[in-house]
Structures are given as structure tokens and as C-alpha cells.
Amino acid sequence: MQYMLLICGGPEAAEHAEDGCGGWSEEMAERGVLRGGAGLRPPHEATTVRVRSDEVLLSDGPFAETREQVGGFCLIECADLDEAVEIASKHPAATYGSIEVRPIWQP
Amino acid sequence: MTDVQTALVRAFRDEWGQVVATLIRLTGDWDLAEECAQDAFTQAVGAWARDGVPRRPGAWLTTTARNRALDRLRRDAVGAAKLREVAAMPEPEHFEDDSGVPDDRLRLMFTCCHPALSMDAQVALTLRTLAGLTPAEIARALLVAGPALRKRLVRAKQKIRHAGIPYRVPPAHLLPERTPAVLAVLYLLFNEGYSATAGADLLRRELSAEAIRLARVLHELMPDEPEATGLLALLLLQDSRRDSRVDERGDLVLLADQDRDRWDHAQIAEGVALLEGALRRGAPGPYQVQAAIAACHGKAARAADTDWPQIAALYGKLAAMTRSPVVELNRAVAVGMAEGPAEGLRLLSDVDLPGYHLVPATRAEFLRRLGRRAEAAAEYREALRLVTTDAERRFLTRRLAEVG
């Protein structure tokens with residue numbers, strides 16, 4: 001199964017911007033579960049795209065109303081949700097923010 | 001009942017959960033597992049009547065359900081890979097297990113209660129899959145409409161499939177996060193056996209007995225979890241009244257009218273002792289509070305001795321913990337007993353439980369005691385419109401005749 005880990009920083013995310021991943025990436029690369037991923041520029045540099053009635057609407061920033069915003073993502077491939085949760089729970093961001101685990105849509 | 005019927009009832013009680021669990025593990029498909037288990041039980045009706053009850057009904061049912069799954073997967077090309085796995089299935093084997101849970105069924109319940117599902121979904125799925133309750137019964141137990149419950153079950157199964165939630169016995173250190181759902185399952189399982197009418201049969205009574213047995217195992221497994229102890233105490237105290245709750249015609253006997261000599265006093269003593277042990281841990285939860293309420297009733301030698309002010313106070317505590325409208329309803333009843341029907345009636349006006357027959361029935365009771373007979377009659381008629389069990393219908397009809 002493939003899962004997208006959406007790494008969401010909490011209010012203190014900025015303090016952790018330079019932390020790195022504390023060996024997480026290395027461990028997961030060794031286990032062969034990482035399929036891709038990257039960190040993201042902060043939410044205020046985001047642009048949101050919507051198409052309504054054939055019109056493209058651009059707006060500044062994400063519209064998410066929560067204080068926790070997506071700060072990065074990883075694509076992983078592993079056996080099942082339990083393993084995905086185990087992988088996510090080892091990511092340092094889980095200790096100050098949260099990580100949303102989303103299965104990849106399969107036809 | 002014939003021997004075959006008795007054997008089927010017993011097999012359903014003892015084996016349903018295990019058969020479904022085995023099929024889920026093999027096929028990974030909850031719906032297929034349930035349908036195949038159902039088919040196996042249907043086939044058993046004819047086959048056992050013809051050939052006699054097999055020596056190991058569980059093995060017979062599992063094999064039959066597995067063959068049914070093979071048929072279904074064969075017809076379905078998408079299942080080719082699964083088909084090989086199922087076909088290669090050895091004799092029903094046991095689960096790998098490092099949970100330390102010393103009971104098959106309880107272990108399956110912990111397996112079912114995966115925390116990636118909402119608490120409601122965990123409870124509904126477990127009652128459906130392992131206890132074999134029908135969606136209608138589960139909807140009634142959870143106080144939701146039937147279609148909403150069915151939708152909830154479908155969504156939960158979809159999430160299991162799409163998110164890859166595995167069906168696996170959790171290791172011991174992961175049990176605590178699943179315990180609240182398992183407690184809720186045992187509580188509702190008990191209630192399903194307890195609130196069905198006595199005439200409804202053996203199986204229902206045995207649901208309660210099974211819930212008590214499992215609560216006992218859980219309490220022994222988690223002696224430091226006061227809510228597990230509280231639940232066991234609660235179930236023992238409620239069940240102690242089982243023989244006096246209906247009369248020989250199968251009609252409901254109200255608490256006040258019950259023959260208290262027929263209560264199981266040994267069971268009451270055990271429940272009270274367990275509760276006191278749990279409360280000493282200083283972490284009261286909803287099950288302990290409910291057990292405390294049941295203990296107040298159990299300790300009253302006559303109905304007139306009931307400590308209603310204490311019970312009303314406990315319901316106040318419970319209402320603050322649960323915010324459940326059913327608890328508010330019960331609190332109104334207790335306050336009505338402690339402070340008089342007018343005060344009960346006042347609290348009842350805030351209870352928001354549309355379509356629940358006990359609300360108009362309770363209002364009718366208060367109005368009757370206040371001598372407002374015409375208003376009481378109207379409320380009894382409304383309750384009769386909503387009631388679902390025959391025993392309660394007869395009770396309300398009698399009351400209506402009294403005030404009419």
C-alpha cells in the first residue's frame with residue numbers, strides 16, 4: 001500500500017524548521033519504504049487554485065482554518081496502516097505537530 | 001426447541017465471531033466474510049437436520065464458509081491472488097498472539113477495535129462482526145436510526161479496505177487505547193440481552209451471561225483499570241435482578257414492584273465489593289458511577305428504602321461525564337422520585353430524545369402521579385405509538401386504561 005504522510009507543524013513549527021529529521025530519512029531509506037517527499041515553503045507563501053464555473057480562482061495562502069498547516073510530505077510504501085502509523089510516529093514532527101496519513105487512491 | 005435448533009443457537013453464540021474473524025483474516029474482506037458466515041449458518045440448518053450435528057460445529061462452519069468464499073472468489077476474476085491464499089488455507093489455525101488476552105473472543109474484540117476507526121465505528125463493527133447482532137439491534141443499542149447505522153458500517157468497512165487497516169491481534173502495550181471501545185461493546189452486548197423480553201428466548205439471556213463472563217476476563221486481565229472493574233460490577237448488579245424483572249406472563253415488573261427476595265444477593269454482594277475496590281483507586285468513570293447507582297438499588301431492602309437523593313446526585317455526576325440525553329432522562333426520573341413529580345417533569349422538558357418512547361412514558365408517569373389524568377393519557381398514547389417491544393406495549397396499555 002502507498003500512503004502520503006502530510007507533515008503538519010503545530011504553532012511551534014518554526015522553531016523546528018532547521019531540526020532535520022533526526023535519522024528518520026536514513027532509517028526509512030534503509031527499510032526501502034520511501035518513495036519520495038520534500039519539505040514545503042511556509043503556508044503564507046502558498047497559492048490556492050480553484051476552478052469554479054470554468055474560471056480559475058487564485059487566492060493567497062491556504063484556506064485551511066486550523067492552526068496546523070502542511071509543511072512537507074513523504075510518499076511511503078509499506079504493508080498496511082499499522083506500519084504506516086509506525087513510520088509516521090517515528091518522524092520528529094509528530095512530537096510537536098501532527099502527521100496525517102492518507103492512503104493513495106487506487107483504481 | 002429441537003436438538004438441531006439448540007445446537008445452532010449455541011453454535012451462533014460460540015462460533016459466529018470466530019468464523020467471521022477467520023474469514024476476514026483469510027480474505028481481508030469484511031463483507032465477504034460476513035456473507036459467507038451467514039451462508040454457512042443457513043446451510044447448517046438443512047445439513048445438520050439431515051446428517052446430524054457435527055462433532056465440531058465450529059470447524060464445520062468455518063470449512064463451509066471458506067468453501068463459499070472460494071466459490072465467490074472463483075466467480076470474481078479480481079480475486080485471483082486472494083483465491084490462491086484462501087485455497088492454501090490449512091485447517092483453522094490459531095492467531096499469532098502476543099497480547100496476553102486469555103480468551104479468544106475478547107482477543108478478537110481487541111482486534112476489531114482498531115483506533116484508526118472512530119469509537120462508534122469500532123463498537124458497531126465489533127457488535128456486528130463478532131457478536132452477530134443485526135444492524136437493527138445495533139442501531140437500537142446506539143440510539144441511531146437504522147439507515148444511519150448501516151451507512152456508518154459501510155464507511156468503516158470502506159476505510160478498512162482503502163486505508164489498509166490490518167486485522168491483527170494487538171500486542172499487550174496497545175491494548176489500553178482499545179479498552180474503552182471493548183468496554184462499550186461488552187456493555188451494549190449485556191444490554192441487548194437484558195432489555196430484550198424474557199419470551200424472546202434463551203439466546204438473549206445468554207448474551208448477558210457472555211458479556212459478564214468477558215467482563216470478568218477483562219477485569220482479571222486489567223486489575224489496575226478501575227473502569228473495567230466498574231463495568232463488571234455494573235453488569236453483576238444489573239443482572240442480579242434478572243429473575244424478578246418479568247412476571248410469568250412475560251410482562252415487565254417495575255423496580256418498585258419486584259420481589260426483592262428473588263434478587264441474586266450473592267451477586268449483589270460481589271458487585272458492591274468490586275465497586276468499592278474500584279472507587280478506592282480514585283478515578284471514577286461512567287461505568288463506576290452507573291454501578292454505584294445500581295448498588296443503591298441493590299442495597300435497598302424495600303423499594304421505600306431506596307436512597308433517591310443519592311441516586312439523583314449520582315445521575316447528576318454521570319450527566320456531567322457523558323452529556324447523554326438518556327442519562328438526563330434517568331436523572332429526571334430519579335429527581336422525580338427524590339423531590340416529587342413536578343420537579344421531575346420540569347427536568348424532563350430539557351431532555352432531547354425525539355422518537356424515544358421512554359420520554360413520553362416517563363412524562364405520563366409524572367402527570368399520572370400529579371393527578372393530571374387527561375394529559376397523562378395523551379402521553380401514554382404517544383409512547384404507545386413509539387414503543388417496539390410487546391412487553392412494554394402491554395405495560396403502557398394497562399397504564400393507559402388506568403388513567404383513561
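To find a chain, count down the sequence lines: A is the first, B the second, and so on, and within it residues start at 1.
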- Identify the two heavy atoms, one from B:Ala163 and one from A:Pro103, that lie closest to each other, and give their separation to 0.1 Å. CA-CG, 3.6 Å

- Query: How long is the gap from NE2 on B:His114 to CG on A:Leu81, to the nearest 0.5 Å?
  - Reply: 5.5 Å

- Query: Just how far is it from atom CG of A:Asp82 to atom CG of B:Leu174, taken to the nearest 0.5 Å?
  - Reply: 8.0 Å

- Item | Distance in Å, A:Arg102 CZ paired with B:His162 NE2, rounded so as to fall on 0.5 Å steps | 13.5 Å

- Task: Give a yes or no on whether A:Glu86 atom CD has more than 12 heavy-atom contacts from other residues, nucleotides or ligands under 6.0 Å away.
- Result: yes

